[in-house]
Number of protein chains: 2
Amino acid sequence: MSDGQRADARRNYERILAVAVDEVAEHGVNASLEQIARVAGVGSATVRRHFPSRRALLEAVSHKRIEDLSDRARELAGTGESRSVLLEWLNEVVDYSATARGLAAVLVPDSAEVEPAHVNGCAATLEDAASPLLQNAKRDGTVSSEVMLADLLALIAGIAMATEHYPDPAAQAHHLFRLAAAGLGPQH
Amino acid sequence: MSDGQRADARRNYERILAVAVDEVAEHGVNASLEQIARVAGVGSATVRRHFPSRRALLEAVSHKRIEDLSDRARELAGTGESRSVLLEWLNEVVDYSATARGLAAVLVPDSAEVEPAHVNGCAATLEDAASPLLQNAKRDGTVSSEVMLADLLALIAGIAMATEHYPDPAAQAHHLFRLAAAGLGPQH
DNA sequence: AGGAAAACGGCGGACCCCACCGTTTATGAG
DNA sequence: CTCATAAACGGTGGGGTCCGCCGTTTTCCT
């Protein structure tokens with residue numbers, strides 16, 4: 001079963017990742033890499049080896065959540081009224097982003113982005129999975145054709161970051177998103 | 001002219017603040033405090049004496065911008081159609097937040113917020129100044145009565161933070177805000 | 001002019017990220 | 001089964017930041 005990966009390397013990778021999940025959940029985006037290494041029982045160099053940048057680690061930590069949301073998008077496709085379905089999914093993204101610390105950070109470009117195309121793997125995955133939902137809503141004319149999924153995700157990420165330190169982040173995030181989705185009032 | 005302030009203290013305060021403005025403009029919210037001290041020609045302890053927390057420094061740096069926006073709100077009060085006027089002002093807030101680095105950060109609660117009432121001086125100032133604009137719009141029924149100014153500012157701050165590292169932050173921020181203000185589409 | 005009080009800033013500790021580099025360990029070929 | 005090799009490991013040191021302490025200097029008021 002030689003897959004080109006050394007067994008201990010894979011073991012360490014998973015140990016580190018498991019610890020990182022907890023550590024990020026507790027300390028947020030700025031969790032200490034050395035602390036993660038310490039708890040995982042490896043040298044800090046090993047952490048850096050497996051995850052060259054903080055961002056890489058955050059992406060790995062968020063990977064499962066991203067997959068969950070992508071699956072959910074595929075489930076929802078075609079069920080019910082298009083705009084409602086899209087909003088339902090977006091609300092779940094809001095919930096995940098407000099609940100799972102570090103997720104919002106990977107949905108948005110980092111300072112050191114030099115990649116030419118599709119700069120963001122995580123966001124791209126979500127966009128691909130949820131694209132049908134938005135297309136349907138546009139087709140039905142219930143969402144403006146100018147709206148891009150990337151914009152919606154950026155908006156949600158921003159809301160999550162802004163509400164992170166509120167007494168009840170999730171509630172506040174949902175509140176703000178309802179506001180945005182409603183366009184702050186009756187007249188448009 | 002004894003105002004209880006020692007002359008050298010005030011001088012240092014202003015030197016530090018002046019340097020901090022530049023430094024924050026260039027390096028954003030995480031500008032190095034020691035670097036600021038170095039450039040200002042003072043010890044790092046002196047910086048901490050005048051600005052006990054990073055946040056305090058950021059608030060001082062943003063103070064003028066906050067005042068400008070507050071003045072602008074008072075200017076705009078009562079001119080033109082209420083919702084348009086409010087949106088005009090909010091757009092200016094978006095512009096400032098996207099342009100002046102560090103402003104968005106002070107419009108949102110920090111991690112260590114234990115204050116009982118009106119936790120945020122900067123946001124509170126803006127809210128007070130712009131409150132009439134929102135009240136007018138609510139009175140005319142052009143904005144939902146449930147909308148709070150604090151929510152609008154938090155939303156804008158989130159947008160600014162999310163778009164900070166885009167190729168053209170200001171453009172992207174305005175784009176997202178237009179989206180939110182329009183409620184992402186024709187149907188509400 | 002002189003003394004009290006306030007402000008200053010250097011120093012050391014704790015932490016963090018990062019790169020180097022000698023050592024250990026898994027692996028697959030013989 | 002042995003063993004050479006390449007991969008993975010982790011300790012260590014350098015550079016940086018934030019923070020608190022404390023002896024020294026400066027300012028101001030009498």
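Values below: every heavy atom of this structure, side chains too, minus hydrogens, waters and symmetry copies. Per chain, numbering begins at 1; letters A, B, ... match sequence-line order. Because the structure is a prediction, the values reported are computed rather than measured.
Residues B:L86 and B:L134 have side chains in contact (heavy-atom distance under 4.5 Å, counting atoms from C-beta outward). Side chains of A:F177 and A:L87 form a contact here, defined as non-hydrogen atoms less than 4.5 Å apart. No side-chain heavy atom of A:H50 sits less than 4.5 Å from a side-chain heavy atom of A:R15.
With sequence neighbours excluded, the residues that form a side chain to side chain donor-acceptor pair (under 3.5 Å) with A:H175 are B:D151.
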Between the protein and nucleotides 11-14 of chain D, are there any N/O to N/O pairs under 3.5 Å, and if so, what are the atom names and distances?
none

Between the protein and nucleotides 2-4 of chain D, which nitrogen or oxygen pairs come in under 3.5 angstrom?
none

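Rounded to whole Å, the distance from CZ on A:F51 to C1' on D:dA8 is 15 Å. Taking atom CD1 of B:I36 as the reference point, atom P of D:dG16 lies 16 Å away to the nearest angstrom. Rounded to a whole Å, the CG atom of A:N30 is 12 Å from the C1' atom of C:dC17. Across the protein-nucleic acid pair, B:R54 atom CZ and D:dC18 atom C1' stand 9 Å apart, rounded to whole Å.
Contact detail for A:L57 and A:A20: the closest heavy-atom pair is CD1-CB, 3.8 Å. Here the shortest heavy-atom pairing between A:R54 and A:L33 reads NH2-CG, 3.9 Å.
Between A:H50 and the phosphate of D:dA8, there is no side-chain N or O to OP1/OP2 separation shorter than 4.0 Å. For B:S32 and D:dT17, the shortest distance from a side-chain N or O to OP1 or OP2 is below 4.0 Å. Here B:T46 does not reach the OP1 or OP2 of C:dA7: none of its side-chain N or O atoms lies under 4.0 Å away. Taking only side-chain nitrogens and oxygens, A:R48 comes nearer than 4.0 Å to OP1 or OP2 of C:dA19.
Here B:R11 does not pair with B:D8 in a salt bridge; the nearest charged N to carboxylate O distance is not below 4.0 Å. A salt bridge is defined here as a Lys NZ or Arg NE, NH1 or NH2 lying under 4.0 Å from an Asp or Glu carboxylate O, and B:K64 with B:D68 meets this definition.
With hydrogens and angles ignored, a donor-acceptor pair under 3.5 angstrom links the side chain of A:R6 to the base of D:dA7.
Mapping B:L33 and B:A7 onto DNA chain D via the closest heavy atom, the residue that lands nearer the 5' end is B:L33.
Residues from residues 8-19 of chain A with heavy atoms under 4.0 angstrom of DNA chain D, sorted by number: A:D8, A:A9, A:N12.
Across A:V108, A:L107, A:N91, A:V94, a single residue satisfies side chain to side chain contact (heavy atoms under 4.5 Å, CB included) together with A:I156, and that is A:V94.
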All N/O donor-acceptor pairs, side-chain side in residues 37-49 of chain A, below 3.5 Å, sequence neighbours left out:
unit_1: A:R38; atom_1: NH1; unit_2: A:Q35; atom_2: OE1; d: 3.0

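Other members of the hydrophobic cluster containing B:M161, listed by chain and number, are A:M161; membership follows side-chain contacts under 4.5 Å among ILVMFWY residues, whether direct or relayed.
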